[in-house]
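Below you'll find the structure, written out as structure tokens, and then a few comments.
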Protein chains: 2
Amino acid sequence: MVVIKKTPTIQDVARHASVSAATVSRVLSSPERVSETTRERVHAAVRDTGYTMNQAARSLRLKAARTILLAAPNIGNPFYSTIVDAVIREAAVRGYSVLVASRIGDDPNRWLRDYLLSNRADGLLLFDGSLDTGALHGLWDDGVSLPLVAAYDEIPDPQINSVITDNRLAASRAIRYLRELGHSKIGHIIGPSRNQSTNERLVGFREGMHEAGLQVRPEWLFQGSYNMESGIAAAEWFLAADELPTAVFCGNDEMAIGLIHRLRREKIDCPLDISVIGFDDIAVARYFDPPLTTMRQPREDIGKMATRSLIDIIEGTVPENEPIHVVLTSDLVVRESTRRIG
Amino acid sequence: MVVIKKTPTIQDVARHASVSAATVSRVLSSPERVSETTRERVHAAVRDTGYTMNQAARSLRLKAARTILLAAPNIGNPFYSTIVDAVIREAAVRGYSVLVASRIGDDPNRWLRDYLLSNRADGLLLFDGSLDTGALHGLWDDGVSLPLVAAYDEIPDPQINSVITDNRLAASRAIRYLRELGHSKIGHIIGPSRNQSTNERLVGFREGMHEAGLQVRPEWLFQGSYNMESGIAAAEWFLAADELPTAVFCGNDEMAIGLIHRLRREKIDCPLDISVIGFDDIAVARYFDPPLTTMRQPREDIGKMATRSLIDIIEGTVPENEPIHVVLTSDLVVRESTRRIG
DNA sequence: GAAACTCTTGTAATCGATTGCATTGATCTT
DNA sequence: AAGATCAATGCAATCGATTACAAGAGTTTC
């Protein structure tokens, strides 16, 4: 049978080094307050015993978990997963762990309580604008100061820190590009309306159309849900119209992929018969056939900046009364799914 | 200025309900030991105060964090992200949180210590067979019993619990299928060799070839790294050979996508000129052009089963001396990237 | 009616790390 | 040389929840 040695505590290390637990603690957190000789003895004892700090005890005492909570609507989505990866890496650099909550839509109040208020996490990185902000405000009103950064998807509240991209500008940029290629019959696949990013992109689309002096035709507008299936549904919606648009601006790459896939079944070729421009530049976009023209979202940067901001707020190295608002730029990546008309 | 109310403790609830903290604790964990009237009073007090248990204190006392650590080589990869999603959902059902560590390759010893031994997590879900098992054994030998489940990628140690798929069988199955379509010139893109799954698939490939009475030709074997870029590299490797294979079995879908993409640039069409079969069935596989024939991995099930097993082990509801070994079945999904020869 | 039992609740110790305050001994100042 | 100053370390309280044990009240039994 395996002998289970208890994991050593700070007391064990103290005994081993013939000092008090207080001294061991000091060696670990403020070494300059301890003499060189004891410091070395303690370090040796730490090595010998294989000591690791008990985080639960530390969290209890310091009221800080050195952990952030990342909440996203669906981690399974490749768009989010890249961000998550960036968040985890950046958090690790600052010595923080990351708890991940997915599919948070169900009962936001519950997990907010469960995680944040129970000292499991020191702050919240929210990647879901569709969350009912009432819950957040409820906490706020109760006087709980909740370190929170809304990332990627804006929450329409200037008090809430945010790291987002220039969705509106990017959308109108996409339309201008299509216009430059000679397109005038332009459709748009919208994302789910609960997302603020969706609405921003829609506004940008309308602005772009207006600037170009083009009409927005309702039969060329389709509301999807940011997945490939809804790209298919959009294709079928467009096919049912009297006339097809010659170009479609899609709210994200996955819907673009679904759209192209479905249209191809009807022998409608992209980019020959229809130009398609996506949004995000997910990994597969450049290897798809045709390689997708898309508005690239700096996903790594979103994750990194958001994490950095949140930890700054948690650690109080940033003034509390001035909300942080970072807007990152999306770049147009021209590939082969768009083409000059004619 | 916002008044910061301290988050209520169990003491506050006790005072509010005019009982002792012990009673409140009992109401929350073993309600049947408390009389109905006090139970109601306490519940009311919990509601009134908005009490949430301090997890740090609870973890410290119970030496259990109700948290599992999920470690994967790269969360950004869409293959893993689906699994992660399933893990988080299943863990939530059992009342567990999930800490996620990505890019763990760098210093396994460090994060093992940091997370597991420091009472931050009660068990480890390891999605990376490339991890040096020495580190794990080191802990084991030190007498620390570490609830561990290796998922998806096997660790070659019968003592370690695992939830994997039938990689070898699936690979030989893929070859048999290609053989049925009349192919005899079959290549293979291997994954990174540190992964056990890769090796199993390679063995299955060899077995399948042997059963079919076919030679494995080294110029039709390429070692990639499970990403699209290495699919491209593989294409270039094959193009450099005297002759192209008529079918390629890819270690995963992403390499298949890269391969098809690159070959198309050379006017080599899939499936007309070459059949390609992938592995995993990632989300984009069915919408790719051509839709990918692939060996589907039951990713949701992997995540679910692994999580379930790990929590069973943590909670001791499963005999300790009998390692768990679950092998899930991969299914052949026939789409359009493969084709009868001739 | 007293002993034995059950049911409910409270008291106090405990988990492990941190830190304000106290103590000791050494060095410095005038 | 006596007092002041400083560096290094220990003591003990603390964070909040859990639980073994004790105690009190009410019930049952012979």
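Only a predicted model underlies this, so the values are computations on that prediction, with no experimental measurement involved. Protein chains get the first letters and strands the later ones, always in sequence-line order, with residue 1 at the start of each.
- For B/R26, the side-chain atoms get nearest to D/dC21 when compared with the rest of C/dT19, D/dC21, D/dT18.
- Between B/R58 and the phosphate of D/dT18, there is a side-chain N or O to OP1/OP2 separation shorter than 4.0 Å.
- Distance CZ (B/R120) to C1' (C/dG16): 15 Å, rounded to an integer number of Å.
- Within the 4.0 Å cut-off from OP1 or OP2 of C/dT9, at least one side-chain nitrogen or oxygen of B/T38 is found.
- If you take CD on A/Q196 and CD1 on A/I164, they are separated by 8.5 Å, rounding to the nearest 0.5 Å.
- When side chains are defined from C-beta on, A/V163 counts as touching A/V149, because their heavy atoms get closer than 4.5 Å.
- Taking only side-chain nitrogens and oxygens, A/S29 never comes nearer than 4.0 Å to OP1 or OP2 of C/dA17.
- Looking at the side chain of B/V34, the nearest of the listed nucleotides D/dA12, C/dT9, C/dT11 is C/dT9.
- Set against D/dA17, C/dT18, D/dT18, the side chain of A/M53 has C/dT18 as its closest nucleotide.
- Close to C/dA17, at under 4.0 Å from its OP1 or OP2, lies a side-chain N or O of A/Y51.
- Side-chain N/O atoms of A/S59 include none lying less than 4.0 angstrom from OP1 or OP2 on C/dA17.
- The side chain of B/A57 approaches D/dA17 more closely than any other nucleotide in the set D/dG10, C/dT19, D/dA17.
- DNA chain D is contacted by both A/K63 and B/R33; A/K63 maps to the nucleotide lying nearer its 5′ end (nearest heavy atom per residue).
- Distance check: B/R120 CZ to B/S59 OG gives 11.5 Å after rounding to the nearest 0.5 Å.
- Nearest nucleotide to the side chain of B/A22, out of D/dA17, C/dA12, D/dA12: C/dA12.
- At the phosphate of D/dG10, OP1 or OP2 sits under 4.0 Å from a side-chain N or O atom of A/S20.
- Looking only at side-chain heavy atoms (C-beta outward), A/V34 and A/T23 come within less than 4.5 Å of each other.
- Rounding to the nearest 0.5 Å places CD1 of A/I302 at 5.0 Å from CZ of A/F79.
- Taking 4.0 angstrom as the limit, A/S25 places none of its side-chain polar atoms (N or O) nearer than this to OP1 or OP2 of C/dA17.
- Taking the side chain of A/L60 as heavy atoms from C-beta on, and the options C/dT18, D/dG16, D/dT18, the nearest nucleotide is D/dG16.
- Distance CZ (A/R61) to P (C/dC15): 17 Å, rounded to an integer number of Å.
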